[in-house]
S.K.: 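First, the structure itself, so that you have it in front of you.
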Amino acid sequence: MDMRQVAELRAELAGFVADVFASVPRKDQQAKGDCYLRGLMLDGRRTSIQPMAERLPDGSEQNLQQFVNQSPWGPVPVQRRIVERIVPLISPDAWAIDDVSVPKDGRMSVGVARQYCGALGKRANCQVAVSVHAVSDTASCPLQWRLFLPEEWVQDTERRRVTHVPEQVGHREKWRLALDAMDELAGWGFTPPVVVADAGYGTSTPFRLALEERHLSYVLALTGKEVAHPETAEPHRPAYGGLGPPTLPRCRTRSQSMAHLAAQAPVSHFTEVTWREGGRGPMTSRFAVLRVRPAGKQALRAAQEAGGGHYPWDGTLPLRTLLLEWPADQPASTGYWISNLPAATPVEDLVRWAKMRRRIEHDYRELKHGLGLDHFEGRSWPGRHHHVTLVTAAHAFLTEHRLAPKAHTPDSPSTRSSTPSKAS
């Protein structure tokens with residue numbers, strides 16, 4: 001946006017800030033939040049604090065630095081109010097989980113380590129954060145973020161002290177961070193219609209089981225290398241020989257990769273499905289649905305526990321839905337997704353959810369290239385979380401403006417009752 005466009009939205013933004021930042025008690029701090037959001041939305045090569053302050057007529061680099069890096073305002077109430085406003089407006093069809101990386105120089109930025117950097121497509125020095133987004137066919141917005149803290153940071157007391165990492169924060173796998181984020185959202189009264197994610201999460205059996213324990217539906221990508229038995233596989237318990245512990249039941253045939261099971265599906269099982277309009281026309285491909293019994297050590301262990309334990313278990317593995325994509329111009333299947341939705345779920349719905357995860361690529365482009373998610377030059381835990389919250393607020397404001405520029409949002413149970421709830 002240029003200065004004129006931002007000025008035209010000034011009154012609307014002021015109402016948004018008054019509502020979303022109602023938990024920040026000082027009016028001067030709310031004014032700095034308003035200033036920071038305008039700086040993020042203004043056109044410019046970089047949206048770090050110094051160039052933002054230079055572009056704004058009321059910008060003060062010192063004030064903005066203090067607001068983001070030293071001010072003690074809590075980001076969580078702000079994040080909650082954003083969620084309370086944006087989720088009803090988007091009416092999401094799914095929540096999408098992904099992680100985003102930000103290349104960094106040096107070793108003193110919080111959470112930085114040499115790890116896989118998606119932004120560069122290789123291992124590099126970077127920060128990584130897990131995000132949860134509300135997505136529909138027409139809109140999306142991040143709801144939660146969790147900074148990934150590599151294992152090398154757990155015992156590095158010097159870096160933790162300098163960057164102000166809270167004592168209780170340690171290393172957690174990315175799929176656990178995603179669950180933490182969804183658990184916090186559930187505590188605010190929000191649960192996903194369906195969870196969608198790429199193979200980085202779909203291949204994690206503990207993640208899928210944790211979603212099932214929370215009674216959440218999912219459509220998660222796989223690589224095709226994961227193993228399973230066909231739907232017809234039945235366990236066999238060999239006769240007990242009278243010596244030693246009882247023989248455990250097992251399938252007579254070995255498990256196979258998902259790709260191998262897909263190759264056995266007849267062409268007649270595949271249906272042509274169009275899931276959206278693309279820039280060059282309808283997005284169409286061929287899809288089929290199979291029922292499989294996921295195998296592997298973790299799946300077997302979980303089935304045993306659900307079946308009453310090691311020996312009482314009858315050997316039955318639970319059925320799951322496998323969605324396959326086989327483009328007409330390809331020699332074999334190219335896409336695999338696993339779901340705990342019923343077998344009767346229409347293939348069109350499964351395809352729509354499977355493809356909906358790509359919607360958050362729009363979020364990342366706007367967050368990184370338009371709103372400066374990766375332009376923050378601070379190094380501390382509080383500063384980074386403040387910046388991410390402000391970037392999310394700017395994204396939510398623009399999303400609200402695009403979807404319903406004059407719509408009023410519902411009153412918030414998490415902010416003061418005297419605070420007016422409005423978007424314009």
Side-chain angles (χ1 to χ4, degrees), residues 92-98 133-140 192-205 207-208 211-212 216-233 255-296 299 317-362:
D93 298 300
W95 287 7
I97 297 169
D98 208 340
H133 303 239
V135 296
S136 70
D137 287 329
T138 57
S140 55
V194 177
V195 177
V196 299
D198 65 14
Y201 297 87
T203 56
S204 171
T205 300
F207 179 64
R208 301 199 305 265
L211 293 178
E212 293 171 7
L216 298 177
S217 301
Y218 59 76
V219 179
L220 306 173
L222 299 174
T223 66
K225 298 177 182 178
E226 301 77 20
V227 295
H229 293 282
E231 178 182 11
T232 55
S255 59
Q256 305 171 62
S257 70
M258 300 289 188
H260 187 77
L261 291 172
Q264 299 176 35
V267 177
S268 59
H269 283 197
F270 287 81
T271 303
E272 191 171 89
V273 176
T274 299
W275 62 91
R276 69 177 178 88
E277 286 290 327
R280 299 182 179 178
M283 304 291 288
T284 302
S285 189
R286 299 186 304 179
F287 297 88
V289 175
L290 301 179
R291 294 287 277 172
V292 297
R293 301 181 185 274
L317 292 168
L319 280 169
R320 293 293 177 263
T321 299
L322 179 65
L323 175 68
L324 309 172
E325 180 181 5
W326 182 10
D329 59 350
Q330 297 296 319
S333 295
T334 59
Y336 311 86
W337 295 266
I338 191 168
S339 176
N340 61 341
L341 288 164
T345 303
V347 63
E348 293 82 4
D349 290 341
L350 291 172
V351 171
R352 184 163 162 267
W353 282 314
K355 297 295 186 177
M356 192 168 286
R357 189 198 67 81
R358 296 185 181 275
R359 173 73 205 185
I360 62 175
E361 294 177 4
H362 296 278

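In what follows, every heavy atom counts, from backbone to side chain, and hydrogens, waters and symmetry copies are set aside. Residue numbers count from 1 along this sequence. Computed from a predicted structure; not experimentally measured.
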S.K.: So, Arg320 and Glu231, do they make that salt bridge, N to O below 4.0 Å?
M.R.: no
S.K.: Is any side-chain heavy atom of Pro294 closer than 4.5 Å to a side-chain heavy atom of Leu317?
M.R.: no
S.K.: What's the separation between atom CG in Leu323 and atom CG in Leu220, rounded to the nearest 0.5 Å?
M.R.: 11.5 Å
S.K.: Applying the side chain to side chain contact (heavy atoms under 4.5 Å, CB included) criterion to Arg357, which one of Ile97, Asp198, Val135, Val195 satisfies it?
M.R.: Asp198
S.K.: Kindly give the heavy-atom pair with the smallest separation between Pro193 and Ser217, and that separation in Å.
M.R.: O-CB, 4.1 Å
S.K.: How close do Pro327 and Thr334 get, heavy atom to heavy atom, and via which atoms?
M.R.: CD-OG1, 3.2 Å
S.K.: Dump the intermediate steps for side-chain hydrogen bond (donor to acceptor under 3.5 Å, both in side chains) on Tyr336 and Glu325, then the final yes or no.
M.R.: CA-CA 7 Å; Tyr336 311 86; Glu325 180 181 5; over 6 Å; no
S.K.: Run the side-chain contact (heavy atoms from CB on, under 4.5 Å) test on Met258 and Leu322 for me, step by step, so that the C-alpha distance in whole Å, both residues' side-chain angles and the decisive distance to 0.1 Å come before the verdict.
M.R.: CA-CA 8 Å; Met258 300 289 188; Leu322 179 65; 3.8 Å; yes
S.K.: For the residue pair Ala332 and Trp326, what are the closest heavy atoms and their distance?
M.R.: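 Nearest pair, atom of Ala332 first, then Trp326: O-CD1, 3.3 Å.
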S.K.: If you measure from OG on Ser140 to CD1 on Ile360, what distance do you get to the nearest 0.5 Å?
M.R.: 8.0 Å
S.K.: Determine whether a donor-acceptor pair (N or O, by modelled atom type, separation under 3.5 Å) exists between the side chain of Thr203 and the backbone of Ala199.
M.R.: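 Yes; judged by distance alone, with no hydrogens or angles, the pair exists.
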S.K.: Of the non-hydrogen atoms in Arg291 and Leu319, which two are nearest, and what is the gap between them?
M.R.: NH2-CB, 3.6 Å
S.K.: After noting the C-alpha distance and the side-chain angles of Ile338 and Arg208, does the key distance pass the side-chain contact (heavy atoms from CB on, under 4.5 Å) rule?
M.R.: CA-CA 9 Å; Ile338 191 168; Arg208 301 199 305 265; 3.6 Å; yes
S.K.: Drop me the distance from Ser257's OG to Leu222's CG, to the nearest 0.5 angstrom.
M.R.: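 Those atoms lie 11.0 Å apart.
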S.K.: Looking at Trp353 and Asp93, would you say the former's side chain and the latter's main chain have a donor-acceptor pair under 3.5 Å?
M.R.: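 Pair found, side chain donor or acceptor close to backbone of Asp93.
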S.K.: Is the distance between the ring centroids of Trp275 and Phe287 under 6.0 Å?
M.R.: yes
S.K.: For residues Trp95 and Leu216, determine if any side-chain heavy atom of one lies less than 4.5 Å from a side-chain heavy atom of the other.
M.R.: no
S.K.: How long is the straight-line distance from CZ of Arg286 back to CD of Glu272, given to the nearest 0.5 Å?
M.R.: 8.5 Å
S.K.: With the side chain counted from C-beta on, respond yes when Val292 and Leu261 share a heavy-atom pair under 4.5 Å apart, and no when they do not.
M.R.: yes
S.K.: In Å, rounded to the nearest 0.5 Å, how long is the span from CZ of Arg359 to OG1 of Thr138?
M.R.: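 Between atom CZ of Arg359 and atom OG1 of Thr138 there are 6.5 Å.
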S.K.: Under a 3.5 Å distance rule, please check whether Thr223 uses its side chain to pair with a backbone N or O of Lys225 as donor and acceptor.
M.R.: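 Answer holds: yes.
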S.K.: Would a distance-only check, ignoring hydrogens and angles, find a side-chain to backbone donor-acceptor pair under 3.5 Å from Thr345 to Pro342?
M.R.: yes
S.K.: So do Tyr218 and Asn340 actually touch side chain to side chain, heavy atoms under 4.5 Å?
M.R.: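 A side-chain contact under 4.5 Å exists here.
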S.K.: Measure the shortest side-chain to side-chain distance between Trp337 and Lys355 over non-hydrogen atoms and say whether it is less than 4.5 angstrom.
M.R.: yes
S.K.: To the nearest 0.5 Å, tell me how far His269 NE2 sits from Leu324 CG.
M.R.: 11.0 Å
S.K.: Regarding Asp137 and Arg352, does a basic nitrogen lie under 4.0 Å from an acidic carboxylate oxygen?
M.R.: yes
S.K.: Test side-chain contact (heavy atoms from CB on, under 4.5 Å) on Thr284 and Val273; report intermediate values, then the result.
M.R.: CA-CA 6 Å; Thr284 302; Val273 176; over 6 Å; no
S.K.: Between Ser339 and Thr321, does the side-chain hydrogen bond (donor to acceptor under 3.5 Å, both in side chains) criterion hold? Intermediate values first, please.
M.R.: CA-CA 5 Å; Ser339 176; Thr321 299; 5.4 Å; no
S.K.: Check for a donor-acceptor pair, side chain of Gln264 on one end and backbone N or O of Ala262 on the other, with a separation under 3.5 Å.
M.R.: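 Absent.
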